[in-house]
Amino acid sequence: MRKLRMGMVGGGQDAFIGAIHRLAANMDGLIELSCGALSINPETAIASGKALFLPESRTYLTYDEMIKAEAALPADERIDFVTIVTPNFAHFAPAMMALEHGFNVVIEKPMTFSLEEAKLLKQKVEETGLILCLTHTYSGYPMVKQAKAMVSEGKLGKIRKVVVEYPQGWLSKLSEREGNAQAAWRTDPKKSGKSSVMGDIGTHASHLAEYITGAKITDVCAELNTLVEGRLMDDDGAVLLKFDNGAKGVLIASQVAAGEENALKIRVYGEKGGIEWFQHDPNTLMVRWLDEPAQILRAGSNYGAHLSSFATHNCRTPGGHPEGYLEAFANIYRNFALTLGCKLDGKEPTAEMLDFPSVEDGLRGMAFIDNVVASSQSDKKWTPYVL
């Protein structure tokens, strides 16, 4: 009978994704921001806390200080979970410390800087029994959930082919040397990890492919490219995929597709038909049948007779009212909050509530990066997918 209390690491006034997380967490009235260590810059941390009306006593200068201080508070005052919205290299330490002090965790993707860190984090989640939610935003869209339901119900028949692409154009220039802070850390191997393009957006594409199909990638054949002269990391790549259900796939991720914004698209084909979902038109799911006319399914709370419970659970408005990125983000936070609320109340969450990316998805995302990089550097055609 109360809101869940959230503490945030990163996401201050000089950041982009922190505000997105706060908007998403606030949308359903289930969560309140109670404290934060909002920047490594003390002045920015304090100013950000004031701007968000946080008490001075709960505006911390480091995540270490925040987690220890919150853990020492009475149970009816301390936070319930920590949200981590820092660059990749600064995910693991606060997440591990939060879990060690009894706090659940929401974390930006990719989950960690390395696969080794991801394995340790998964082990800690299993040891503590706490919840870790990974914000793979695109799995929060209602029509993505409808696509998953149709595949799992066998409506498309045995899945044969998956084609997923994520072209962006914002790194078509050497923006990291022109004062673009977002570009600077993403293209720095000391902060981003083994791969820039696959860590940043390729993991979204691979997660979407596994999420909708319910199948797991078993082998990859990859090529990574650095197409902007002077860049330290890859900005383009393509991967052939094999799945454990026998399906084959193609994944393309590029941040030098000039003129593109966030043109994430996935097509999944089975024996009986195929589906297509495009992030620029997220309320629509195109369904093409082998022997019947094509269908256009639309998101909307009034379309319950045509959609799965997982889709309608995540629809907020009647059909014709666009629900986009922020709503999809909020769906992940809401499902996490409902699940955590049930846990705190000693109740069982529904399958719909439990439908959010977990530590297992985070581990597979880091494995995807590792295996794609290994394949790109190998002379072999196929690289077995190793966790």
Side-chain angles (χ1 to χ4, degrees), residues 3-4 6 16-33 83 106 109 133-153 155 164-168 201 204-205 207-208 211-212 260-268 273-288 293-339 341 349-357:
K3 292 185 177 183
L4 295 174
M6 174 176 76
F16 154 68
I17 201 65
I20 301 295
H21 276 260
R22 290 190 291 271
L23 285 167
N26 285 334
M27 194 169 289
D28 292 286
L30 300 174
I31 297 167
E32 60 184 355
L33 180 66
T83 288
V106 175
K109 46 69 34 207
C133 171
L134 186 70
T135 53
H136 270 301
T137 316
Y138 305 107
S139 63
Y141 281 101
M143 299 317 282
V144 168
K145 296 186 180 297
Q146 176 64 19
K148 177 180 177 63
M150 292 179 70
V151 171
S152 66
E153 293 166 6
K155 292 186 176 180
V164 58
E165 58 187 75
Y166 198 158
Q168 295 177 334
I201 60 175
H204 274 311
H207 177 259
L208 201 61
Y211 177 76
I212 289 177
E260 294 286 4
E261 295 174 340
N262 282 278
L264 175 62
K265 178 187 286 188
I266 186 166
R267 286 164 283 171
V268 177
I275 56 95
E276 178 180 311
W277 181 80
F278 184 32
Q279 207 261 152
H280 284 186
D281 184 16
N283 277 29
T284 298
L285 181 69
M286 176 64 70
V287 187
R288 298 183 178 90
Q295 287 181 300
I296 297 175
L297 299 181
R298 295 279 292 164
S301 59
N302 56 325
Y303 292 154
H306 305 285
L307 302 178
S308 73
S309 63
F310 290 88
T312 56
H313 173 74
N314 292 280
C315 288
R316 297 168 177 275
T317 60
H321 296 81
E323 296 188 36
Y325 179 76
L326 289 176
E327 289 83 357
F329 221 120
N331 286 340
I332 291 175
Y333 262 101
R334 181 180 62 173
N335 291 340
F336 163 78
L338 290 172
T339 297
T350 66
E352 288 83 359
M353 294 175 185
L354 289 165
D355 186 21
F356 58 86

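In what follows, residues are counted from 1 in the order of the sequence shown.
Between atom CD of residue Gln146 and atom OG1 of residue Thr284 there is a gap of 12.5 Å, rounded to the nearest 0.5 Å. Taking CD1 from Ile296 and CG from Asn283, the interatomic distance works out to 12.5 Å, rounded to the nearest 0.5 Å. Taking CE of Met286 as the start and CD of Gln295 as the end, the distance is 10.0 Å to the nearest 0.5 Å. Note that CG of Asp355 is 3.5 Å distant from NZ of Lys145, once rounded to the nearest 0.5 Å. Atom CG of Leu338 sits about 9.5 Å away from atom CZ of Phe356, to the nearest 0.5 Å. Distance check: Ile266 CD1 to Tyr138 OH gives 13.0 Å after rounding to the nearest 0.5 Å.
Note on residues 303-335: pairs passing ring pair (Phe, Tyr, Trp, His ring centres under 6.0 Å), not counting sequence neighbours, are His21-Phe329, His21-Tyr333, Tyr325-Phe329. The list of salt bridge (Lys or Arg N to Asp or Glu O under 4.0 Å) pairs with a residue in residues 325-334, not counting sequence neighbours, is empty.
For the pair Cys133 and Ile332, the tightest heavy-atom approach, listed with the atom from each and the gap, is SG-CG2, 3.5 Å. A pairwise comparison of heavy atoms in Gly324 and Pro282 identifies CA-CG, 4.5 Å as the closest pair. Considering all non-hydrogen atoms of both residues, Ala328 and Thr137 come closest at CB-O, 3.7 Å. Listed here is the closest heavy atom pair of Leu354 and Pro349: CD2-CG, 3.7 Å. Scanning all heavy atoms of the two residues, the minimum distance from His136 to Pro357 falls at CB-CG, 3.8 Å. When all heavy atoms of Pro167 and Glu260 are compared, the closest pair comes out as O-CB, 3.6 Å.
Within 6.0 Å of CD on Glu32 lie more than 12 heavy atoms contributed by other residues, nucleotides or ligands.
Within the 3.5 Å criterion, the main-chain N or O of Gly319 finds a donor-acceptor partner in the side chain of Asn302. Of the possible polar contacts, one joining the Ser301 side chain to the Thr317 backbone as a donor-acceptor pair under 3.5 Å is found.
Residues Leu285 and Val144 have side chains not in contact (no heavy-atom distance under 4.5 Å, counting atoms from C-beta outward). Using a 4.5 Å heavy-atom threshold, the side chains of Met150 and Ile212 count as separate. Considering only heavy atoms from C-beta on, Pro142 comes within 4.5 Å of Asn331 through its side chain. Taking the side chain as every heavy atom from C-beta outward, Thr83 and Thr135 never approach each other to under 4.5 Å.
Salt-bridge annotation for Asp281 and Arg298: present, with a side-chain N of the basic residue lying under 4.0 Å from a carboxylate O of the acidic one.
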Any chance you could lay out the side chain to side chain donor-acceptor pair (under 3.5 Å) test for Gln168 and Asn262, step after step, and finish with the verdict?
CA-CA 5 Å; Gln168 295 177 334; Asn262 282 278; 2.7 Å; yes
Quick one, Leu307 with Met143, criterion side chain to side chain contact (heavy atoms under 4.5 Å, CB included). Give me CA distance, side-chain angles, the key distance, then yes/no.
CA-CA 9 Å; Leu307 302 178; Met143 299 317 282; 3.9 Å; yes
Verdict with reasoning, Leu264 to Val164, per side chain to side chain contact (heavy atoms under 4.5 Å, CB included):
CA-CA 8 Å; Leu264 175 62; Val164 58; 4.2 Å; yes
Please evaluate residues Arg316 and Met27 with respect to the criterion side chain to side chain contact (heavy atoms under 4.5 Å, CB included), reporting the C-alpha separation (whole Å), side-chain torsions for both, the decisive distance (0.1 Å), and the verdict.
CA-CA 11 Å; Arg316 297 168 177 275; Met27 194 169 289; 4.0 Å; yes
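The salt bridge (Lys or Arg N to Asp or Glu O under 4.0 Å) check on Glu165 picks up Arg267, with sequence neighbours excluded.
Looking only at atom types and distance, the side chain of Gln279 has a donor-acceptor partner in the side chain of Tyr141 under 3.5 Å away.
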